[in-house]
Amino acid sequence: MREEARVRDKVVLVGLNSPVLKKEENADEDTLEELSALVETAGGETVGMVLQNRGTPDPRTFIGEGKVAEVQLYCENVGATMVIFDNDLSPSQMRVLTEMLGVQVLDRCGLILDIFAQRAKTKEGRLQVELAQYHYLLPRLVGMWTHLERQAGTSGKGPIGSKGPGETQLETDRRHIRRKIDKLREDLEDVRRVRATQRQQRRKNEIPVVAIVGYTNAGKSTLLNHLTGAGIPANNRLFDTLDTTSRLLTVSDTLDVVISDTVGFIRKLPHQLVEAFKATLEELEYADLVLHVIDVSNPEWQIQAQVVESLILELGAGDLPRIDVFNKADLLPPGEIMPRGENICTISARTGQGVDTLLAMIDRMLDKGTRRVKLHLPYDKGGLLDMLYREAKVESVDYGATIDITAVCNPRVLGQVQPFLEGGE
């Protein structure tokens, strides 16, 4: 009974494959399977799939009236309460299809937004989702609710200059949504300013930033948990992590980094979300190293990796140093040939296999000449100790004939304390 209560809708999935659509806009069996996984994430249940091959999309119904009648009968037979299209629908197509099918109609973009609205936890995540939802809603207002066609005033359409109380409810709602969008953008700018301040502090301390990116459900949160004990819920579910989590990670005895988990990427990611999530994904732009986590056990890993690659380029992070982390190697059959290369690492975040190799690669790629040294400061040079506390990582201080210090120093600090290095290094 509890399982039944959890399911919100019984959903029929519909996709169109047409030679006039771009490859990434078309639907096929694989994208419909992924859409079904998204429905499950949203709390729904897929009860059927319909894939239509057609020369060109129908301007009014997208799939043609004959196919709409077929889908409508299918919905009645399986008791479906919703139809979700794997392709993007125009506002008018969505309106017509809802009327003809007699159930709610969503497209892939609308479904992803619904999942994001359920999953976002932090203030920033909720702001970003709300902004994306309003951008999605604005062109779809016409005909969405019957009251929108009514006049708010008594004079009907009225002559030019008679706006105000006599304007349509639709125009009032549009204006309200635009005001909300402007306010959300202001709030997100505040979030960006806070994040910029935090980044400046990290820069001052010269702590490198490592960003984990990857296709949704590739194992990014599992990896962050394994490395840092972050305790992020890591379920086998699409879009389980929406809010960026950052943790301090000690990579080696001379390197600490801030490592951040980011929202998972997906095919046909709504453009509104790419825009709205810039505040989260801009961590990429300021990262010193990107870990691209790839679920190598997924038969479509190459397509998924290309989706992530395209979004990395769109976000302006294409030139950053990167390690391709092939995860879930424990799920592959024995003897499977794995990708190899200079900046490629094969791991299992779940079992820990290969993680030590990954840490060694991070240490090598972010090596800025930082060293652990012993210093012997004369007491009249005690002011240098304050500088070391600010600019280096001081591990121990002993007061004897001199101030004996063990510290991890970057090259700039080493230059300032050179005369006091043990052994005259």
Of the non-hydrogen atoms in [X] and [Y], which two are nearest, and what is the gap between them?
X	Y	answer
Ile63	Lys67	O-CB, 3.4 Å
Val12	Cys75	CG2-SG, 4.1 Å
Ala392	Val413	CB-CG1, 4.4 Å
Asp288	Pro208	OD2-CA, 3.2 Å
Asn410	Glu391	ND2-O, 4.0 Å
Val14	Asn87	O-OD1, 4.3 Å

Exercise for the section: Show the numbers, then the answer: is there a salt bridge (Lys or Arg N to Asp or Glu O under 4.0 Å) between Glu130 and Lys183? Expected result: CA-CA 11 Å; Glu130 197 176 349; Lys183 177 67 168 64; over 6 Å; no
Taking the side chain from [X] and the backbone from [Y], do they hold a donor-acceptor pair closer than 3.5 Å?
X	Y	result
Asn327	Ala349	yes
Asp28	Asp30	yes
Ser18	Gly55	yes
Gln104	Thr81	no

Practice task
Nearest 0.5 Å please: distance from the CD1 atom of Ile362 over to the CG atom of Leu291.
Solution key: 5.0 Å
Handout entry: Pairwise distance CZ(Phe62) to CD(Gln93) - rounded to 0.5 angstrom
Key =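 That separation rounds to 6.0 Å.
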Handout entry: Salt bridge flag under 4.0 Å for residues Lys220 and Asp261
Key =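 The answer is no: the pair does not qualify as a salt bridge.
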Exercise for the section: Flag the pair Glu309 and Arg322 as a salt bridge only when some basic side-chain nitrogen lies within less than 4.0 angstrom of an acidic carboxylate oxygen. Expected result: yes
Problem - Enclosure of Glu395 CD (heavy-atom neighbours >12, cutoff 6.0 Å) - result: yes
Practice task
Evaluate whether atom CG of Asp319 has more than 12 neighbouring non-hydrogen atoms of other residues, nucleotides or ligands under 6.0 angstrom away.
Solution key: no
Exercise for the section: Check each of Ile266, Thr41, Leu38 against Thr216 using the side-chain contact (heavy atoms from CB on, under 4.5 Å) test, and report the only one that passes. Expected result: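 Among the candidates, only Ile266 passes.
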Exercise for the section: Assess the side chains of Asp86 and Thr31: does a donor N or O sit below 3.5 Å from an acceptor N or O? Expected result: yes
Practice task
Please check if any side-chain donor atom of Gln302 sits under 3.5 Å from a side-chain acceptor atom of Gln306, or the reverse.
Solution key: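 There is no such pair (donor and acceptor under 3.5 Å, judged by atom type) between the side chains of Gln302 and Gln306.
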Fill in the blank from the handout: Hits for side chain to side chain donor-acceptor pair (under 3.5 Å) against Glu300, two or more places apart or cross-chain, chain-then-number order -> Arg267
Problem - Evaluation steps, side chain to side chain contact (heavy atoms under 4.5 Å, CB included), between Glu70 and Gln52 - result: CA-CA 11 Å; Glu70 185 183 315; Gln52 161 83 322; over 6 Å; no
Practice task
Tell me, with the steps shown, if Ile84 and Val39 meet side chain to side chain contact (heavy atoms under 4.5 Å, CB included).
Solution key: CA-CA 9 Å; Ile84 299 179; Val39 168; 4.0 Å; yes
